[in-house]
2 protein chains.
Amino acid sequence: MIDIAQLKSSQSDFWQQLDKTLAWESVSDEQVFNTVNGILNDVKKRGDTAVVEYTNKFDRMTVGGMSELEIPKSRLDESLKKIPSAQREALEKAAARVRAYAEHQKIESWDYTEDDGTFLGQQVTPMDRAGLYVPGGKAAYPSSVLMNAIPAKVAGVPELIMVVPTPDGEVNDLVFAAAAIAGVDRVFAIGGAQAVAALAYGTETIPQVDKIVGPGNIYVATAKRMVFGAAGIDMIAGPSEICVVCDGKTDADWIAMDLFSQAEHDEDAQSILVCPDADYIEQVKTSIEKLIKEMPRAEIIKKSLIERGVIIEVQDIDEAIKVANYIAPEHLELSIDNARERAKEIRHAGAIFIGRYTAEALGDYCAGPNHVLPTSRTARFSSPLGVYDFQKRSSLIDCSAEGASELAKVASVLAHGEGLTAHARSAEYRIKD
Amino acid sequence: MIDIAQLKSSQSDFWQQLDKTLAWESVSDEQVFNTVNGILNDVKKRGDTAVVEYTNKFDRMTVGGMSELEIPKSRLDESLKKIPSAQREALEKAAARVRAYAEHQKIESWDYTEDDGTFLGQQVTPMDRAGLYVPGGKAAYPSSVLMNAIPAKVAGVPELIMVVPTPDGEVNDLVFAAAAIAGVDRVFAIGGAQAVAALAYGTETIPQVDKIVGPGNIYVATAKRMVFGAAGIDMIAGPSEICVVCDGKTDADWIAMDLFSQAEHDEDAQSILVCPDADYIEQVKTSIEKLIKEMPRAEIIKKSLIERGVIIEVQDIDEAIKVANYIAPEHLELSIDNARERAKEIRHAGAIFIGRYTAEALGDYCAGPNHVLPTSRTARFSSPLGVYDFQKRSSLIDCSAEGASELAKVASVLAHGEGLTAHARSAEYRIKD
């Protein structure tokens, strides 16, 4: 039996218990920190030579120089031709939808001119160069290549550099095919902290990028955190979570499988069901027991559900929404009546899957919105990865002689108030006689 | 004589030398880290009691409980009445302009519906609660209160909590007046790492916030970096910089004073002049020697110019723009002909001050755009503080039965390709028979 924790919103210590359930401390290991720190400094100092050495060592390769680690575009196209046509079509359909949605996200420059001729605005530009980290081996997801690369290209980033380790020389054709479809510009077969360092600082062969995105193991995540400043980074993701709010009218098998789809990622993943119907909760539990047998990743799912899963019985849907807003989940399914209207009451969630047909899995692959989403309650203050993550803004100020003169009077008073005389004088020069 | 470093773009090692000039390593001090770590854990565990103890200790106060450290709104209004009317008017004019500009930055929700009825969109919401750190003592700038608080209120953040230490009980009426004008909701007289911890984790009295913004010393900056995840943070600012591109036709005194206005902030601040006219460069140097005598903060200015300042002689304005884009400066003045047109060629800068009348000081106080800007070349990937920093996005996906069925087929192929059977099954349940 899969013994999932259960809470009732009516119990007196409900919010405390919920807090405990949600708590997640990322492991910050001194040994990892020191290892990564050493690699970063080494790559900073010795460039290509260091990257090649670490790659030969960690990925069990035997290359003589960095040039051997660049994967030509022709090799990506080869993978695209090699994979089954059903997979190629699925990747292309997914890419087209992700691109169409991303086009809506582009932020545009704007400006306005005041009566005295003073011009104000905001100029939006893409980054010059972005780096995309893709894990090697089993954790390599082609969908993740699409989700990270496409927003960068839609933003207009001229050069997108992908790094993906190829341990023992093993390549993943689906990942290469996805890179070809997404329009990745250059690919290097490197990984780990050494790849992050190469992208952040640049080497003789690998150009420095402005931002590094993409998932990775603890070494990669630690390296990203440490290079922040030399380059921008995307969020540091915690374990993936789903919160399903269900009114009890969706097929219980569907809901059980939606919970599984989160739990199968890894043992730390969290699946939460919020429901006002005690009988229905029992039905979902029955479905869980029945369906687990058919799952190849049953052991991971079980461990995730037992250690991190929780079923919350609430009074009604109003309360379910209150709970969901508190959780601020990465993925929120609203498997309820009138779901689209109720979605407006959600203040914090990475993505909202509205209605009984909208399984999270559809969004993970191909609905259009990005699957890189804020985890661990960070949806309180962060957004899904998007085109805007590869764009930035510059303020524009062009004062007319008249406008400058008026503003200078205000600036002068405030600068003197702050004891900054040079500020005041610089402004006062622009006051008309 | 103020001996400012000079570079010529024609010298063979120009880019290397420029890199050296720009290099800035923020001090990461183990002792600071340990002190801050201790305070954070203590406040997390003991809440109000710990905050009161640290405040009594570090700020030499003698309060008995947290309630004594809350500053009522009436006290802010009192400051607003107390300050000279010229200062009040200047603050109000600045606030109105910052607010007007900020209104243009608001990001809006959007959605679209596909032919089969599938609905996709992005829902934009403000954070529930934001925290604003304001330094105490001499580094307390009322302009900074306006610049940090107004975007949060324009974003629609319902509760904005300001913390400002009052060492020895000393308060800054200009800062309180600015808080009143900006619409800050609650103020606590606390500072340092203990204030950051209180905002990030919450205490019995101080509610947990979703994001913490505002400048602070090394303890505050370290604390912000460490609480990131529990709350969002704004950028960690390095020393302030200005890059003035001048064609040699602006009054040399004006340019000298613009360079001073940056240098007077602190000794680490960086002032850069980029100019194709060797004679004009000499004129600016003469102005510098003449004007420095009139500066109350002459010692700071001198040290900043000698240790971090640089004058770069380029071939022409085209090259000046290339150099400016490489520097990606926090503040960029284009004191040149046809400046507005040339501004379009700037790919990386926090704010662009266009034309000879637009002194940086006007933007620092009252032009409208925010003065919280990316430093140390981070304009390559970051933006000015803005309304968008207090808003976040949730993806919306509402599949029609028809749409879900089609998407599920694509998702199924990709999920199987990634070995994620529960994802595939969850999608397949939504395929119509």
Side-chain angles (χ1 to χ4, degrees), chain A residues 86-87 90 93 120 125 127 141 143 174 210-211 232 254 257-258 260-261 264 295-296 340 347 349 351-355 357-359 361-363 365-369 380-384 392-399 401 404 407 410-411 413-414 417-418 421-423 425-427 429-430, chain B residues 86-87 90 93-94 120 125 127 141 143 174 210-211 232 254 257-258 260-261 264 296 340 347 349 351-355 357-359 361-363 365-369 380-384 392-399 401 404 407 410-411 413-414 417-418 421-423 425-427 429-430:
Chain A
Q87 286 189 342
K93 272 188 196 160
L120 297 169
T125 44
M127 283 160 211
Y141 293 140
S143 59
L174 267 176
D210 300 308
K211 188 165 190 168
W254 292 20
M257 195 59 74
D258 295 354
F260 283 4
S261 75
E264 78 173 336
M295 293 291 105
R340 198 181 302 174
R347 297 196 315 282
I352 310 174
F353 301 82
I354 302 168
Y357 290 106
T358 314
L362 305 183
Y365 290 108
C366 56
R380 285 158 45 232
F381 52 84
S382 347
S383 300
K392 67 264 178 350
R393 303 157 167 102
S394 301
S395 304
L396 298 175
I397 315 173
D398 184 350
C399 293
L407 291 175
V410 177
V413 171
L414 294 173
E418 295 184 351
T421 308
H423 281 71
R425 285 285 298 277
S426 164
Y429 278 142
R430 274 79 175 185
Chain B
Q87 286 190 340
K93 271 188 197 159
L120 297 170
T125 44
M127 283 160 212
Y141 293 140
S143 58
L174 267 176
D210 300 309
K211 187 165 192 168
W254 292 21
M257 196 58 74
D258 294 354
F260 283 3
S261 75
E264 78 173 336
R340 198 181 305 172
R347 298 196 315 283
I352 310 173
F353 301 82
I354 302 168
Y357 289 106
T358 313
L362 305 183
Y365 289 109
C366 56
R380 285 157 45 232
F381 53 84
S382 346
S383 301
K392 65 263 178 352
R393 304 156 167 102
S394 300
S395 304
L396 299 175
I397 314 173
D398 184 351
C399 293
L407 290 176
V410 177
V413 172
L414 294 172
E418 295 184 352
T421 309
H423 281 71
R425 285 284 298 278
S426 164
Y429 278 141
R430 273 79 174 184

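The chains referred to below are lettered A, B, ... by the order of the sequence lines, with proteins before strands, and numbering in each begins at 1.
If you tally non-hydrogen atom pairs under 4.5 Å between each of B:V413, B:D210, B:V410 and chain A, the highest count goes to B:D210. Chosen from B:A94, B:A404, B:G355, B:A401, the residue pairing most often with chain A at heavy-atom distances under 4.5 Å is B:A401. Of the residues considered (B:L407, B:L120, B:L396), B:L407 shows the highest number of contacts with chain A, using heavy-atom pairs under 4.5 Å. If you tally non-hydrogen atom pairs under 4.5 Å between each of B:G363, B:P369, B:G368 and chain A, the highest count goes to B:P369.
The contact between B:L174 and chain A is made entirely by side chain atoms (from C-beta outward), counting heavy-atom distances below 4.5 Å. Only the side chain of A:T125 has a heavy atom closer than 4.5 Å to any heavy atom of chain B. For chain A, the nearby parts of B:S426 are the backbone and the side chain; heavy atoms of each come within less than 4.5 Å. In this structure, chain A has a heavy atom under 4.5 Å from the backbone of B:S382, while its side chain stays farther away.
Summarising the geometry of A:W254 relative to B:Y429, their closest heavy-atom pair is CZ2-O, 3.3 Å, with the distance given to 0.1 Å. Considering every non-hydrogen atom in both A:R430 and B:Y357, the closest pair reads CG-O, 3.1 Å. B:R380 and A:M127 make their closest contact through O-CG, 3.3 Å (heavy atoms, listed as atom of the first residue, atom of the second, distance). Across every non-hydrogen atom of B:A411 and A:C366, the tightest pair is N-SG, 3.9 Å.
With a 4.5 Å cut-off on side-chain heavy atoms, A:H423 and B:Y365 count as touching. The side-chain heavy atoms of B:S143 and A:L414, taken from C-beta on, include no pair separated by under 4.5 Å.
Between the side chain of B:K392 and the backbone N or O of A:R347, at least one donor-acceptor pair lies under 3.5 Å. Checking side-chain atoms of B:T358 against main-chain N and O of A:C399 turns up a donor-acceptor pair under 3.5 Å.
Checked against salt bridge (Lys or Arg N to Asp or Glu O under 4.0 Å), A:R393 has no partners two or more places apart in sequence or in another chain.
Rounded to the nearest 0.5 angstrom, A:I397 CD1 and B:L362 CG are separated by 8.0 Å. Taken to the nearest 0.5 Å, the CG atom of B:D398 stands 12.0 Å off from the CZ atom of A:F353.
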